Amino acid sequence: MIFLTRKAEFSSAHYYWNESWSPEENLRVFGKCANRNGHGHNYTLEVTVSGSVDRTSGFVVDLKELKDILEREVVSVYDHRHLNLEVPEFKAMVPTTENIAIAIWQRLDNKIPHAKLHRVRVYEMPDLFADYYGER
Amino acid sequence: MKAHLSRRYHFSASHRLHTEAYDSAQNLAIFGKCNNPYGHGHNYTVQVTFSGQVDAATGMVCNLAELDAFAQTNLLARFDHTNLNTLDYVLRYTGSSRTLPRLIWSGFMSRRPAITHLTTPARRHQRRA
(Lines give C-alpha, C1' and ligand atoms only; values in the text may rest on other atoms or scores of the structure.)
Protein backbone atom coordinates (compact mmCIF):
# COMPACT_ATOMS: atom_id res chain seq x y z
CA MET A 1 0.00 0.00 0.00
CA ILE A 2 1.38 3.38 -1.02
CA PHE A 3 0.03 6.82 -0.22
CA LEU A 4 0.45 9.39 -2.96
CA THR A 5 -0.19 13.10 -2.45
CA ARG A 6 -0.80 15.68 -5.14
CA LYS A 7 -1.00 19.42 -4.55
CA ALA A 8 -3.09 21.98 -6.35
CA GLU A 9 -3.77 25.64 -5.70
CA PHE A 10 -6.75 27.90 -6.08
CA SER A 11 -7.53 31.47 -5.08
CA SER A 12 -11.04 32.30 -4.03
CA ALA A 13 -13.17 34.85 -2.24
CA HIS A 14 -15.60 34.00 0.54
CA TYR A 15 -17.32 35.22 3.66
CA TYR A 16 -18.82 33.47 6.68
CA TRP A 17 -22.52 34.06 7.18
CA ASN A 18 -25.46 32.05 8.51
CA GLU A 19 -28.72 33.36 7.00
CA SER A 20 -30.77 32.08 9.91
CA TRP A 21 -28.94 34.36 12.36
CA SER A 22 -29.16 38.10 12.93
CA PRO A 23 -26.32 40.30 11.61
CA GLU A 24 -25.21 40.85 15.22
CA GLU A 25 -24.97 37.12 15.87
CA ASN A 26 -23.04 36.57 12.63
CA LEU A 27 -20.56 39.27 13.61
CA ARG A 28 -20.22 37.89 17.12
CA VAL A 29 -19.47 34.34 15.94
CA PHE A 30 -17.56 34.96 12.71
CA GLY A 31 -15.85 38.29 13.47
CA LYS A 32 -14.07 39.87 10.51
CA CYS A 33 -14.85 36.80 8.36
CA ALA A 34 -18.49 38.00 8.34
CA ASN A 35 -17.70 41.05 6.19
CA ARG A 36 -20.33 40.71 3.44
CA ASN A 37 -18.02 42.27 0.87
CA GLY A 38 -15.94 39.14 1.19
CA HIS A 39 -12.23 38.53 1.45
CA GLY A 40 -9.92 36.01 -0.19
CA HIS A 41 -7.19 33.44 0.24
CA ASN A 42 -4.64 31.51 -1.76
CA TYR A 43 -5.68 27.98 -0.90
CA THR A 44 -3.43 24.95 -1.19
CA LEU A 45 -5.11 21.61 -1.68
CA GLU A 46 -3.39 18.31 -0.90
CA VAL A 47 -5.16 15.19 -2.07
CA THR A 48 -3.81 11.88 -0.82
CA VAL A 49 -4.82 8.62 -2.47
CA SER A 50 -3.88 5.10 -1.49
CA GLY A 51 -3.46 1.98 -3.56
CA SER A 52 -1.11 -0.64 -4.87
CA VAL A 53 1.73 0.16 -7.19
CA ASP A 54 1.01 -1.12 -10.69
CA ARG A 55 3.84 -3.49 -11.67
CA THR A 56 4.05 -2.28 -15.21
CA SER A 57 3.71 1.47 -14.80
CA GLY A 58 5.11 1.84 -11.26
CA PHE A 59 2.16 4.14 -10.52
CA VAL A 60 -0.45 4.09 -7.79
CA VAL A 61 -2.32 6.47 -10.02
CA ASP A 62 -1.32 8.26 -13.18
CA LEU A 63 -0.19 11.66 -11.87
CA LYS A 64 -1.16 13.44 -15.04
CA GLU A 65 -4.61 11.91 -14.82
CA LEU A 66 -4.90 12.89 -11.14
CA LYS A 67 -3.81 16.43 -11.98
CA ASP A 68 -6.47 16.59 -14.70
CA ILE A 69 -9.15 15.31 -12.30
CA LEU A 70 -8.22 17.93 -9.67
CA GLU A 71 -8.28 20.60 -12.34
CA ARG A 72 -11.65 19.50 -13.72
CA GLU A 73 -13.46 18.74 -10.46
CA VAL A 74 -12.04 21.41 -8.15
CA VAL A 75 -9.69 24.06 -9.51
CA SER A 76 -11.79 25.01 -12.55
CA VAL A 77 -14.81 25.40 -10.25
CA TYR A 78 -13.17 27.20 -7.30
CA ASP A 79 -10.25 29.20 -8.73
CA HIS A 80 -10.84 32.94 -9.03
CA ARG A 81 -14.43 32.48 -7.92
CA HIS A 82 -16.51 33.71 -5.02
CA LEU A 83 -17.30 30.51 -3.14
CA ASN A 84 -20.53 31.77 -1.52
CA LEU A 85 -21.94 33.29 -4.70
CA GLU A 86 -20.66 31.04 -7.47
CA VAL A 87 -20.13 27.52 -6.13
CA PRO A 88 -23.34 25.54 -5.62
CA GLU A 89 -22.41 23.60 -2.46
CA PHE A 90 -21.75 26.83 -0.54
CA LYS A 91 -25.16 28.38 -1.22
CA ALA A 92 -26.39 26.72 1.97
CA MET A 93 -23.12 25.85 3.72
CA VAL A 94 -20.57 28.22 5.25
CA PRO A 95 -17.33 27.94 3.21
CA THR A 96 -15.05 27.34 6.18
CA THR A 97 -11.80 25.45 5.67
CA GLU A 98 -13.46 22.37 7.19
CA ASN A 99 -16.44 22.53 4.82
CA ILE A 100 -14.22 23.18 1.80
CA ALA A 101 -12.27 20.00 2.63
CA ILE A 102 -15.52 18.03 2.93
CA ALA A 103 -16.90 19.50 -0.30
CA ILE A 104 -13.72 18.65 -2.21
CA TRP A 105 -13.85 15.09 -0.87
CA GLN A 106 -17.40 14.78 -2.18
CA ARG A 107 -16.34 16.15 -5.56
CA LEU A 108 -13.46 13.66 -5.85
CA ASP A 109 -14.91 10.54 -4.23
CA ASN A 110 -15.11 7.66 -6.77
CA LYS A 111 -13.62 9.84 -9.49
CA ILE A 112 -10.03 8.60 -9.22
CA PRO A 113 -9.40 5.34 -11.09
CA HIS A 114 -7.41 2.53 -9.46
CA ALA A 115 -6.91 4.38 -6.16
CA LYS A 116 -8.83 5.11 -2.99
CA LEU A 117 -9.25 8.63 -1.72
CA HIS A 118 -7.49 8.76 1.66
CA ARG A 119 -7.33 12.37 2.79
CA VAL A 120 -8.23 15.84 1.63
CA ARG A 121 -6.20 18.60 3.27
CA VAL A 122 -6.99 22.24 2.57
CA TYR A 123 -4.65 25.01 3.66
CA GLU A 124 -6.37 28.38 3.94
CA MET A 125 -2.93 29.74 4.81
CA PRO A 126 0.32 28.05 5.81
CA ASP A 127 -0.61 28.11 9.51
CA LEU A 128 -4.21 26.93 9.17
CA PHE A 129 -5.50 23.77 7.55
CA ALA A 130 -8.31 21.22 7.74
CA ASP A 131 -8.20 17.47 7.10
CA TYR A 132 -11.09 15.24 6.07
CA TYR A 133 -10.85 11.47 5.77
CA GLY A 134 -14.43 10.73 4.75
CA GLU A 135 -16.89 9.10 7.10
CA ARG A 136 -15.25 5.99 8.50
CA MET B 1 -19.09 14.99 9.40
CA LYS B 2 -15.91 14.68 11.41
CA ALA B 3 -13.00 16.89 10.37
CA HIS B 4 -9.67 17.96 11.83
CA LEU B 5 -8.58 21.58 12.13
CA SER B 6 -4.91 22.37 12.59
CA ARG B 7 -3.38 25.67 13.57
CA ARG B 8 0.28 26.65 13.89
CA TYR B 9 1.68 29.24 16.27
CA HIS B 10 5.23 30.52 16.49
CA PHE B 11 7.27 31.73 19.42
CA SER B 12 10.93 32.38 20.12
CA ALA B 13 12.52 31.66 23.45
CA SER B 14 15.80 30.87 25.14
CA HIS B 15 16.52 27.99 27.46
CA ARG B 16 19.20 25.86 29.02
CA LEU B 17 18.96 22.14 29.62
CA HIS B 18 20.13 21.49 33.13
CA THR B 19 18.96 19.54 36.16
CA GLU B 20 19.96 19.94 39.78
CA ALA B 21 19.75 16.18 40.10
CA TYR B 22 23.15 15.87 38.42
CA ASP B 23 26.48 17.53 39.01
CA SER B 24 28.09 19.82 36.42
CA ALA B 25 30.03 17.04 34.69
CA GLN B 26 26.95 14.83 34.40
CA ASN B 27 24.85 17.72 33.08
CA LEU B 28 27.46 18.44 30.45
CA ALA B 29 27.75 14.78 29.52
CA ILE B 30 24.00 14.37 29.07
CA PHE B 31 22.93 17.72 27.63
CA GLY B 32 26.10 18.67 25.76
CA LYS B 33 26.07 22.15 24.22
CA CYS B 34 22.47 22.59 25.37
CA ASN B 35 23.91 22.83 28.89
CA ASN B 36 25.76 26.09 28.10
CA PRO B 37 25.26 28.14 31.28
CA TYR B 38 24.42 31.26 29.28
CA GLY B 39 21.58 29.56 27.47
CA HIS B 40 20.67 29.52 23.79
CA GLY B 41 17.48 30.06 21.81
CA HIS B 42 15.14 28.61 19.24
CA ASN B 43 12.25 29.56 17.02
CA TYR B 44 9.50 27.14 18.03
CA THR B 45 6.46 26.10 16.05
CA VAL B 46 3.47 24.75 17.95
CA GLN B 47 0.97 22.81 15.86
CA VAL B 48 -2.33 21.91 17.50
CA THR B 49 -5.06 19.80 15.90
CA PHE B 50 -8.68 19.69 16.99
CA SER B 51 -11.07 16.97 15.86
CA GLY B 52 -14.81 16.85 15.99
CA GLN B 53 -18.08 17.11 14.15
CA VAL B 54 -18.34 20.14 11.91
CA ASP B 55 -21.08 22.28 13.42
CA ALA B 56 -23.92 22.58 10.91
CA ALA B 57 -24.57 26.23 11.75
CA THR B 58 -21.00 27.53 11.79
CA GLY B 59 -19.20 25.05 9.54
CA MET B 60 -16.48 24.83 12.19
CA VAL B 61 -14.86 22.21 14.38
CA CYS B 62 -13.91 24.99 16.76
CA ASN B 63 -14.10 28.77 16.55
CA LEU B 64 -10.80 30.05 15.17
CA ALA B 65 -11.10 33.56 16.61
CA GLU B 66 -11.65 32.10 20.09
CA LEU B 67 -8.78 29.67 19.62
CA ASP B 68 -6.40 32.42 18.48
CA ALA B 69 -7.40 34.61 21.43
CA PHE B 70 -6.81 31.70 23.79
CA ALA B 71 -3.41 30.96 22.21
CA GLN B 72 -2.41 34.62 22.39
CA THR B 73 -3.12 34.78 26.12
CA ASN B 74 -2.09 31.32 27.20
CA LEU B 75 0.70 30.41 24.80
CA LEU B 76 2.30 33.36 23.03
CA ALA B 77 2.09 35.90 25.84
CA ARG B 78 3.58 33.35 28.23
CA PHE B 79 6.38 31.96 26.07
CA ASP B 80 7.33 34.36 23.28
CA HIS B 81 10.62 36.20 23.82
CA THR B 82 11.13 34.72 27.26
CA ASN B 83 13.80 32.67 28.92
CA LEU B 84 11.96 29.40 29.58
CA ASN B 85 14.16 28.62 32.57
CA THR B 86 12.82 31.68 34.39
CA LEU B 87 9.19 30.59 34.12
CA ASP B 88 7.89 28.74 37.17
CA TYR B 89 5.38 26.69 35.20
CA VAL B 90 8.11 25.55 32.85
CA LEU B 91 10.62 24.85 35.60
CA ARG B 92 8.21 22.34 37.09
CA TYR B 93 9.10 20.43 33.95
CA THR B 94 12.76 20.60 32.95
CA GLY B 95 12.63 23.22 30.24
CA SER B 96 13.41 20.53 27.70
CA SER B 97 11.64 20.69 24.36
CA ARG B 98 10.59 17.11 24.96
CA THR B 99 8.42 18.14 27.88
CA LEU B 100 7.13 21.41 26.43
CA PRO B 101 4.50 19.64 24.30
CA ARG B 102 3.01 18.07 27.43
CA LEU B 103 2.83 21.46 29.12
CA ILE B 104 1.29 23.13 26.07
CA TRP B 105 -1.16 20.22 25.63
CA SER B 106 -2.32 20.74 29.22
CA GLY B 107 -2.83 24.45 28.53
CA PHE B 108 -5.00 23.85 25.49
CA MET B 109 -6.93 21.05 27.17
CA SER B 110 -7.86 23.45 29.98
CA ARG B 111 -9.97 25.22 27.38
CA ARG B 112 -12.48 22.39 27.23
CA PRO B 113 -15.35 22.04 26.53
CA ALA B 114 -15.01 24.75 23.88
CA ILE B 115 -12.44 22.53 22.23
CA THR B 116 -13.99 19.15 21.80
CA HIS B 117 -11.00 16.92 21.32
CA LEU B 118 -7.32 17.66 21.01
CA THR B 119 -5.84 14.89 18.92
CA THR B 120 -2.18 15.56 18.42
CA PRO B 121 0.43 16.75 20.84
CA ALA B 122 1.79 20.18 20.16
CA ARG B 123 4.83 19.80 17.99
CA ARG B 124 7.98 21.74 18.15
CA HIS B 125 10.57 22.50 15.59
CA GLN B 126 13.95 23.60 16.71
CA ARG B 127 16.51 25.10 14.49
CA ARG B 128 19.52 22.99 15.15
CA ALA B 129 22.98 24.44 15.05
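Everything numeric in this text was worked out from a predicted model, so none of it was measured. First the proteins, then the strands, lettered A, B, ... as listed; each starts at 1. Only this structure's heavy atoms are used, side chains among them; waters, hydrogens and symmetry mates stay out.
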A:F59-A:L108 co-clustered via ILVMFWY side chain contacts under 4.5 Å: no
Within the 3.5 Å criterion, strictly below it, is a donor on [X] or [Y] matched to an acceptor on the partner's side chain?
X      : Y     : answer
A:E124 : A:T97 : yes
B:D68  : B:Y9  : yes
A:H82  : A:H14 : no
B:T45  : B:H10 : yes

Which atoms of [X] are under 4.5 Å from chain B, going by heavy atoms: the side chain, the backbone, both sets, or neither?
X      : answer
A:F129 : both
A:P95  : neither
A:W17  : neither
A:I102 : side chain

Among A:F30, A:Y16, A:Y123, single out the residue with the greatest number of heavy-atom pairs under 4.5 Å to chain B. A:F30
Out of A:V94, A:N99, A:V122, A:I100, return the one with the most heavy atom pairs under 4.5 angstrom to chain B. A:N99
Which bit of B:A65 is near chain A, if near means a heavy-atom gap under 4.5 Å: side chain, backbone, both or neither?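 No part of it gets close to chain A.
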Would A:R107 and A:V77 count as a side chain to side chain contact (heavy atoms under 4.5 Å, CB included) here? Give the steps. CA-CA 10 Å; A:R107 283 181 170 274; A:V77 186; 3.5 Å; yes
